[in-house]
Every structure is written in structure tokens, then in C-alpha cells.
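What follows is a single structure, written as C-alpha cells, with notes after it.
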Amino acid sequence: MPTIRLKALIVDDEKAIRRFLRSTLVAEEFEVVEAETIAEARAFAEKLRPDLVVLDLGLPDGDGAELIAPFIALSKPAILVLSALDEEARKVQALNLGADDFITKPFGVAEFMARVRVALRHRVQMQGRRRFMMTGVSMWTSANVSSASAARMRSSRRASTGCCISSCCTRAR
Amino acid sequence: MTDPEDRRPSPDALLAQARAEGHGKLKIYLGAAPGVGKTYEMLSDARKKLADGVDIVAGVVETHGRRETLALCEGLEIIPKRKLGYRGQELEEMDIDALLARRPQVALIDELAHTNVDGSRHPKRWMDVEELLAAGVDVWSTLNIQHLESLNDIVARITRVRVRETVPDALLDRADDIELIDLTPEELIERLKEGKVYAPEQAQRAIRNYFAPGNLSALRELAMRRAADRIDQQVRGLRQAQGESTPWAASERILVCIDDRPDAAEVVRHAKRVADRAKAPWVAVYVQTARHGRLAEVERGRIAETLRLAARLGAETATLPGDRIADTIIAYAKDQNVTQIVVGKAKRPPLFEIVFGSVVRELIHAAETIAIYVVPEEGEGARKRALGNLIPQPALSSRAVIESVVMTATATAAAYPLDAFIGVNNLSLVFLAAVLISALTRGLWSGLVTGIICALAYNWFYTEPRYTFTVADPENVLAIVAFSGAAILVSFLASRAREQTQSARAEAKTSRELYGLAKGLASVATEDEVAQTLAAYAARSFDAECAVFARVGVNDLRLAGTAPGSASLNDADMAAARWTADKGQAAGRGSHTLPGARWLFVPMRTSRLFAGVLAIARETPLSPEERRRLDAMSDQAATALERAHIARAYEEGRIEMESERLRATMLASLSHDLKTPIAGILGAASSLRTYGDRHDEATRTELLAGIEGEAERMQRYVVKLLDMTRLEAGGVKTKVEPLDVADVVSAVLKRAEPIAEGVWLDGDVAPGLPLLTADATLLHQTLFNLVENAIVHGARLVDGGEVRLAARMQDGAIVFQVTDNGPGLPASADARIFDRFFRGDKAKASGTGLGLAIVKGFAALMGAKVEAQNRRAHAGAIFTLAFPETATA
């Protein structure tokens, strides 16, 4: 049976960072696409409609934070923000714009994956606030999150698209 | 009446108290005459305090060989006196510097009124005491009442001995404690007779003269009254500090007129007593009329001295320009709410006053509500001077007499043809014209002499009988008398007009000079320029040597400008300049401090700050007017210095901000450039550890290569940072050796390969290049940085990026060129591209921002020139590193 894999988009201009993020996410059974600039990221987002975006804020052609709103409008992915700067203000700004979590460079992959899970769980909560919250909680609080459970999660989210409009409205308010 | 608002302590009173708290305390043992036991009392008190553990040192104790006093000195630390060589003699004086260095709690300084020997820092001992007090040392001192400035005249009248050594009243007024040492005249005379004060034969003479019982009683009364006044003042001071309303509303205000008469000082002392009695503020005023220009230097000096005396006695002083003394004084008095005017009255013949008028009369006439207090002139010499002083000083020269004769001859000749047509009486008008011209051009004396000669000539040539001095017609007698009167009047009026013109001219000259200085100062910006301008102007204006010191830090001085040429200032001069800076008072020649110096030092200050010191040296001392002009100049320059000071502070602040900004940029750069590779390394390493078994072989290799690459990147960054630090610290040592250019180029390209990442690197060395003499490491690093810069900020940003490192001969010297085909340099960046932490485009923030700054620094060390420009025909930038011809081996 073909497993349904979550799609991840890595947006970072540092090749070294992309390299280990990709290897990590691939090892966690994600389908991974990399982008170096804001322009590339926009193009991939259109095509790929990712479930997870790992987003660096300092990009060569602008502030990564400006991508958050378009991503959410497109595919409502879980967004994890990366930053070398431990600037309170920028983190807060990114979170206010709709990012789900952040992680400050440098970091190890264990912490990174934990944050990825937090972001995905947060996203489910946000989207299934009314109908699917209980399911989401029970599903994501289980101790060991495997790629299999992530796949299940994905299928359940797919099923929930019907109510999406209302949750979007909730966020917009 | 007692509004609670008004009962707050007056700020002045509190200020005075606060000032007193920082200062040492002054205690004065006041006596009526020598021998009453002041020193004895002071030493006894000192011994008691010493036993209590107070640190007491004697600066100077005059025992006069008295046995009891000597005994008291035992066990007391006495600062040895300083020896001063003076005209071959060796003199001793209190060593104030040793005292200041020793800094005791209390210093005993006997004989407050003592005059120091020439060559001491201060001419008077009381000035030394002031300095000690200012330094925070408590001083105990002794004083006889006859030495008090304001009592000087009275004492002279009582004892018929004029005391030369005086102490300003202000010092006694500011004493924190006064102990009156009282001895009845009988007891004192007893002591004298016992030989306890002077040697026996001296004592006998003293009893007959100075120590006559009548004198002693009067002196004793003076001393007691003064001490009582002092207690009164203390009570009042206390009440003020506690917020009690002043018992005497400051309604009274005394003005004293100063003129050039020798007894002006006495008038001033009188005014001081009037002011003291009325407990009123007072002001001493000198009116500078056209006559001032005619005064001898001695008289001008006396006026200035009298004004200074008034200031010492606590008066405000003012010099007012004016035509008529009485009018000017009354106008000023009304303006200042003066209630009493004190004026000296000269003994003059009544006729004199009728002819020339009297200031006193005019004052009384114009006074209205102001009371006029007339002090009669005393002493002989008053009459002698009365006339002499009125008539202008420059006496007749033989030349002036000849001119008068020529003038008269001309008038006589001119009258000759007119004789036939007009009446003899009218001919006098021609002679009058001659008198007028004489007086206008040569002054009063010439006018008067011409008048006399003309009267004679007129009589001789034109009145009947002619060619005799006899006059037949009574009408002609009248004509000659009228002529003489008119001639005198005309002479006076004309000469006065002349003086006014002259003084106006002098005024105009002064204003012009000040205006010129102001204009000169307006066009300069830095402290040194201001100082130089001031020095040049003052030197020209006073025909003297000038030096200007600018303030450095809190109170230090720096010689900032001299004219003409460089000034010769020795250590003593510098010490005087520093003293002026410390105290904010003039020092040196013509002042009270170090009057023996060659230079005069004047502080330059504005209301806000002390700006510097103006020094001037000239053969002849400055006249009071010149001194005033100097003060005006120094004031003006002080303002300009302040401006320059503020401008410099602003500039320093700006530079500070700039370097602060640079530091912030560097920190940001550090955190970004060090953290990014660390993030890569940490991430890759943790990925390998956590998922090592899940990664395929290719991924593992890639991650490991990534770790290696990032570590190398960090290494490069750290090397650059160290290079930069060494450059800035000046710690880079060059080792020059002959290098093969082709070797260098290939080594640099080889090292750049790992960072090329798809950029095509090309070396192009012209054949037959000579060896290059340079430091191998510096050259290698410089070229590598240029190549790295071309890759990262140029070629890597475009597809098919290329970087070419070329070396060739140009104008007999070796030139390296690094060319890329990237987007080229941003238009705005040309000048700053070699600055530290400058990054071409903020979006492309990779790289350290240090590479080119290091290139610039290294190039400078190697004596090479580095330039950046965009290529003309193609996209991209060219960096050129050009060595001088001499670097070719």
C-alpha cells in the first residue's frame, strides 16, 4: 500500500542548513523540496501545496516573514520559522503573522523534529478547532509520533477540508 | 508681613553656607595693638587641640623673641620657611607649597597682614591664607585692627602713623571665628615697661608715640566695635540661613564717585563705612570723560587702583563713559536705585568753582531724592594740585610756540589788506580765527599762547597809536579785553571739541579692533584657529607678545596659539597660567598674583565654562584702558572658544556614535557569520548521529562534506577577523622577499577552488614578468580575498560565472587584476567598498564585510594601491592591485 507522505518545503539560503534539514526530513519520510529565495519558495508553494514549511527569515531577496500569509492562503501548512537572530521582535512578528513555532539556530535535529511535531499539532488544532480537536489531541499527544501516524493525520486532515472555509474565517478574524 | 513663602532661606545665603562648607575655616585672633598676646593665645589654643589629636601645623609663627611664646612652640610641627634669593640677599618666606602638600587639618599662620618678599607667589600673606582655605585647610591667624583696610585712614588719624600693610575687610567678614584678644591699655603699657613686647629703649619710645594711652583706648574701641559688628553679622547670617526675613530690606544702595585725586581711596573707605553702617550694597563709579585722555599714566593707574580697592572692600565697580560727570552719575544712580551718593570734595578756591563749575554742586543740584554725602579732602597738597590738574598735561613745546608765532604772523598779514576797508575793532575777528585754528589743531595750550601773541600783535599793529603797546582809545582797551576773553573761551571750546574728536576716534579704534576680532573669530571653527586669531589680533593691537592657552579636560591647559612667532614661556610662566586656570583670576604682571612675572595671564571664561587663558607680554605694562580692551577681547574669544569646544564635542560625539554603529555592525556580523556555519555543522552532525542508519551512503557523505566545508568557512572567517584585528592594532610585520608572480597566482587559485562552487577560475600571468618584492603571506591573503570577493559577490550570482586573476606589467610595475562577470559594484558603494563591514547589497548579506577592508590594509602595508571599478564593455567588476615600480626586483 503506497504511503501518503507529508510534503515539506525548506526555504533557506544557506546550503549547509538545507542539506541537513533535507536529510533529516527525508529520513522522517517527508517528501522534501528546497528553495533558496522568496521567489523560488512562492513558485514551489503554488505547485507543491506543502503541509510543512521550514522558513528562514533572512533571505537574500527579502524577509521570509512576508511568505507566511501567502502560504497560509494557499495550503494552510504548518510553518516552522528558523532564525539565526535571536531577536524577540522578529519571532513575535512571525508568530503573529501565523507561524506555528520557531527554532533558533544553531539547533540539533532532535530538537528540530520536536518543533516540527509541535508545529504540525498546532496546525491541526487551529484547523480542527471545532470538529477535530479531540481527535487531534489524542492522536498527537501519543508519545512516539511515527511517520505512519503522520500519514493517518494527513488523511484525516484531507477529510476535513470541507469545513476549511469556516476555520479560515476564524483565523481571519 | 511674614508670608511663609518669604521665609525660605535665601539662595544666596545657602550658597554662601555651602561654599563655606567646602572651604577651610578661618579663625582670626584680633587685637588692638601689638603685644596684647594674640600669638600667645593662638599657640595655647593650638596646644589644647593638639592634645585632642587634631592635626595642627604652624606655617609661620612670629615669636619676636618673646620667651613665653617660644616655650609654647615646643612640640608643635613647624613648616620650615622657604629661602628666596632676592638681589643677592637671602630672604625667608612661608612655604605655602609645603603647607599645601602637608595638608594639615589646621594651619597656624601668624601676622595675617604681612607683606611677602618679592618673588613669592602672592604679594600678601592673606592671599596665601585664601589659597589654603580654598584648598580646604583650616587657618588660624592673628591680626591687629590697624591693618584692616577700611580703618586705615582712621587709624592713621589716631596714631599719626600710616600703616602700609592692609588686609581687605572681606577677609575678616568671611572669617568663621573671631577671637578678640583684649588687654586694657594700662596692662599693655605695663607689659611694655616690663620689656615683654619690645626691647627696653624701643619700648620707651613706643609708649611715648604709638602706645600712648589715648591711642590704645581708641584702637581698643575700634577692635571691639569691629568684633561686635562681626557678631551682629553672624547673627544675621544665621537668621538668613534659617529663612528669617532680612532685618534690613535692601532698600539702601550707596554709590561712591571715584576720580583721579590721591584721596579717592579715602573716599572709597568712607563709602565702605557708610555702606557697612547702612548694611547696604554699594557701587564705585568712575566717569570717563574726555579729560581722561589728558591724565598722566600715574593718575590713570591710581583710578584703576582705587576701583580695585573698592572691589576688594566689597563694592561693585563700574566705569561709565560720559560728557558731564554729574549728569552721568545721576542717570546711573537713578537707574540703579541708588539712595546715597558719596563724593569727595576737593579744596578749591571759590573762583575756581565759579569758572569751572563743581561736580559736587551739580550733583546736589540734580540729586532730587538721592542723598549726597560729601567727604572733605584732607591733608596738604590738595590745593597745590587743584589747578595743575585741570590744565592739560602735555606742556608747550618750543615747536608749538613757533607755530603760534607763525599763526599770529599769518593773521597779522591777512589783516593788513583788510585794514583799509573794515574797522579796527572788526580786525580782531581775523586774529580770533587764528586762535580757533590753533586750539583746534594743537590743543588748549597752543590756543592760549596764540591768543596772547595775537592780542599783543593786534595791539602793536592795529590799535592807535600804532607800533606801540600803549592804547589811547578806551574803546580799544575794551576791544583788547574782549578779544582776550573771547580767545580764552574759544581756546577752551575748540580744544574740548578736539579732545572729544580724539576720544571718539580712540573709541572708534577700539570698536573697530573688537569688531575686526569678532569678524576674524566668526570665520574660524576650531579651537586652534580661534586661539591663533586671538593671539594675532591681541599681539597687533597691543604691540606685544601674545599666547593663548585652550582648556584641555577639566582644568589643564594646552598652548593653542602664539603671535608673533612662538612665545617663550618658562616653567614659572606655565605655573602662573595654571594658577589663572585654577582660580579663574588674572595672574602675572600688573596683577596681585606673581606680579613679578613677565607675562600677564587673563582667564577667558563665559557664563558657562572656563575656556582658556590669554597671556600677554610687553615692555611697558598695560594701561587700565588697554587692560579693559584685553578683557573685552578675551571675553569675545572665550565665546568663540566655547563655540569651538561645543563643535568639537559634537564632532567627537558623532565619531563615537559612528564607531558605536560600527561595533554594532561587527557584532551582528560576528553573530551571523559564526552562527551560520555552526548551525550547519551542528545540524549535520546531529542528523548523522540520530539518523545515521536511515541515511544512505550518499547522504552521509554529503553531510560530512558539509561539516568540513562549514568548518573551513569558519576558519576563513576567524583568520580574517584576526587579520583585521592585527591590522588595526598595527601588529602586522612584513617580511619582504622576491616572489615569482606565477607561483603566487596559481597558489591563490588553488586555495580558492573549494569555494568556487561552479564558478570558473582562470589565471592569466603575462610571460616574462620579473620577480616581485613583497611579503608572501600578505600578498597571498590579499589576492585570495579579492578572488573570494569576486566569487561570492560577483560571479556566483550569475549563471556561468567566471573569475579571472591576471598579472601583468603596466608602466614598469607589476599589476594584479581580479575580474568577474557578476552584476558589478552597486553605484552607491564606490567609496565605501573598502570600509570594514560594508556589504555591497544588504540583501546579499553573506560574507564577512571584512575581506576588502583587509585588502585595503594589507595593500597599504605593502605600499600597493588597490582600486575597484566596474568593467566598461561587460558586466562585472575589476579590482586592481598595483605595486610601485620599486617593488620589482
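Bear in mind the structure is a predicted one, so any value in this text is a computation, not a measurement. Below, read A as the first sequence line, B as the second, and so on, with proteins coming before strands; counting in each chain starts at 1.
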Winner by heavy-atom pair count (cut-off under 4.5 Å) against chain A, out of B/T690, B/T699, B/I678, B/L703: B/L703
Listed partners of A/A41 passing side-chain contact (heavy atoms from CB on, under 4.5 Å), at least two apart: A/V11, A/A35, A/L67, A/F71
All side chain to side chain donor-acceptor pair (under 3.5 Å) counterparts of A/R22, not counting sequence neighbours: A/E34, B/E702
For chain B, the option from A/A110, A/A16, A/S23 that forms the most heavy-atom pairs under 4.5 Å: A/S23
Heavy-atom donor-acceptor pair, A/D101 side chain to A/L80 backbone, under 3.5 Å: no
Backbone N/O of B/I878 and side chain of B/R871: donor-acceptor pair under 3.5 Å: no
Options B/G683, B/G680, B/G706, ranked by heavy-atom pairs under 4.5 Å with chain A, top entry: B/G683
